[in-house]
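Only heavy atoms go into these numbers, but all of them, side chains included; no hydrogens, no water, no symmetry mates. Values in this document were obtained by computation on a predicted structure and should not be read as measured data.
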Amino acid sequence: GGAFDDAEETLTAPARVVRLGCRCAECIDEWTGQTRLNPKKVPHSVKAEKVTPTGNYAVTIIWTDGHSSLMSFAALERVMRTHAEKTAAKGCLADPALEW
C-alpha cells in the first residue's frame, strides 16, 4: 500500500487502489477521459516494486504487474483521500500496516 503524510494527517491505501488510480495514457484515454484499464487485469497481490521521487512534484512507481506510473503528489493524495472517504463511509478502516 501507500502512505501520504502532509504533516497534518497521514493517508493510507492498499497498493492495488493506488495502481488502479493511475491516470497515464495507457490507463485512461487521453481524449475522452474514459478508463482503458480493466481492473480485472490488475492482480489483487500487486505491489510497488520501486518508488522514486520525480522532480519536486511526483513519484514514479514501478509495479509488480509490469506497469509504471508517474503520479503527482496531488494525484496520489486524491487517490488516497478518496479511498479513505469510501472506507469510512462503509465503516471500514484501511490496513495501517500496508506501506511501500
Visitor: Could you go through the side-chain contact (heavy atoms from CB on, under 4.5 Å) check for V59 and L76 one step at a time?
Guide: CA-CA 9 Å; V59 291; L76 193 56; 4.2 Å; yes
Visitor: Contact between M71 and I61 at the side-chain level, heavy atoms closer than 4.5 Å - yes or no?
Guide: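 Result yes, sub-4.5 Å side-chain heavy-atom pair found.
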Visitor: Tell me whether R16 contacts the main-chain N or O of P39 through its side chain, where contact means a donor paired with an acceptor under 3.5 Å.
Guide: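 Side chain of R16 to backbone of P39: a pair is present.
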Visitor: Could you give the distance from OG1 (T64) to CZ (R19), rounded to the nearest 0.5 Å?
Guide: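 T64 OG1 to R19 CZ: 9.5 Å, rounded to 0.5 Å.
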Visitor: Any salt bridge (charged side-chain N to carboxylate O under 4.0 Å, His left out) involving residues 49-61? Give me the pairs, sequence neighbours left out, ordered by first then second residue.
Guide: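 Every pair satisfying salt bridge (charged side-chain N to carboxylate O under 4.0 Å, His left out) with a residue in residues 49-61: there are none.
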Visitor: If I take atom CD from residue E77 and atom OG from residue S72, how far apart are they, to the nearest 0.5 angstrom?
Guide: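 Here the interatomic distance stands at 9.5 Å.
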Visitor: Who passes side-chain contact (heavy atoms from CB on, under 4.5 Å) against P53, sequence neighbours left out?
Guide: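 Counting only residues at least two positions away or on another chain, P53 forms no side-chain contact (heavy atoms from CB on, under 4.5 Å).
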Visitor: Quick check for you: to the nearest 0.5 Å, what is the distance between C24 atom SG and L37 atom CG?
Guide: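 Going from the SG atom of C24 to the CG atom of L37 covers 8.5 Å.
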Visitor: Quick check: closest heavy atoms across A13 and V18, and the distance to 0.1 Å?
Guide: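 Between these two residues, the closest heavy atoms are CB-CG2, 4.1 Å.
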Visitor: Grouping I, L, V, M, F, W and Y whenever their side-chain heavy atoms are under 4.5 Å apart, do I62 and L20 come out in a common cluster?
Guide: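 No, it is not one cluster - the side chains of I62 and L20 are not joined through contacts under 4.5 Å.
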Visitor: Considering only Ile, Leu, Val, Met, Phe, Trp and Tyr, and joining two whenever side-chain heavy atoms are under 4.5 Å apart, list the other residues clustered with L70.
Guide: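 Members alongside L70: Y57.
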Visitor: Could you pull out all residues at least two apart from T54 that satisfy side-chain hydrogen bond (donor to acceptor under 3.5 Å, both in side chains)?
Guide: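 For T54, the residues satisfying side-chain hydrogen bond (donor to acceptor under 3.5 Å, both in side chains) (neighbours in sequence not counted) are T60.
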Visitor: Please name all residues satisfying side-chain contact (heavy atoms from CB on, under 4.5 Å) with N38, sequence neighbours left out, ordered by chain then number.
Guide: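 K40, K41.
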Visitor: Can you confirm whether the side chains of S69 and W63 place a donor and an acceptor under 3.5 Å from each other?
Guide: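 Side-chain D/A pair, S69 to W63: present.
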Visitor: Is the shortest side-chain heavy-atom distance between M80 and T12 below 4.5 Å?
Guide: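 M80 vs T12: side chains apart.
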Visitor: For residues 27-36, please give each side-chain donor-acceptor pair under 3.5 Å, one per line with the distance, not counting sequence neighbours.
Guide:
{"residue": "D29", "atom": "OD1", "partner": "W31", "partner atom": "N", "Å": "2.8"}
{"residue": "D29", "atom": "OD1", "partner": "T32", "partner atom": "N", "Å": "2.8"}
{"residue": "D29", "atom": "OD1", "partner": "T32", "partner atom": "OG1", "Å": "3.3"}
{"residue": "T32", "atom": "OG1", "partner": "Q34", "partner atom": "N", "Å": "3.1"}
{"residue": "R36", "atom": "NH1", "partner": "A25", "partner atom": "O", "Å": "2.8"}

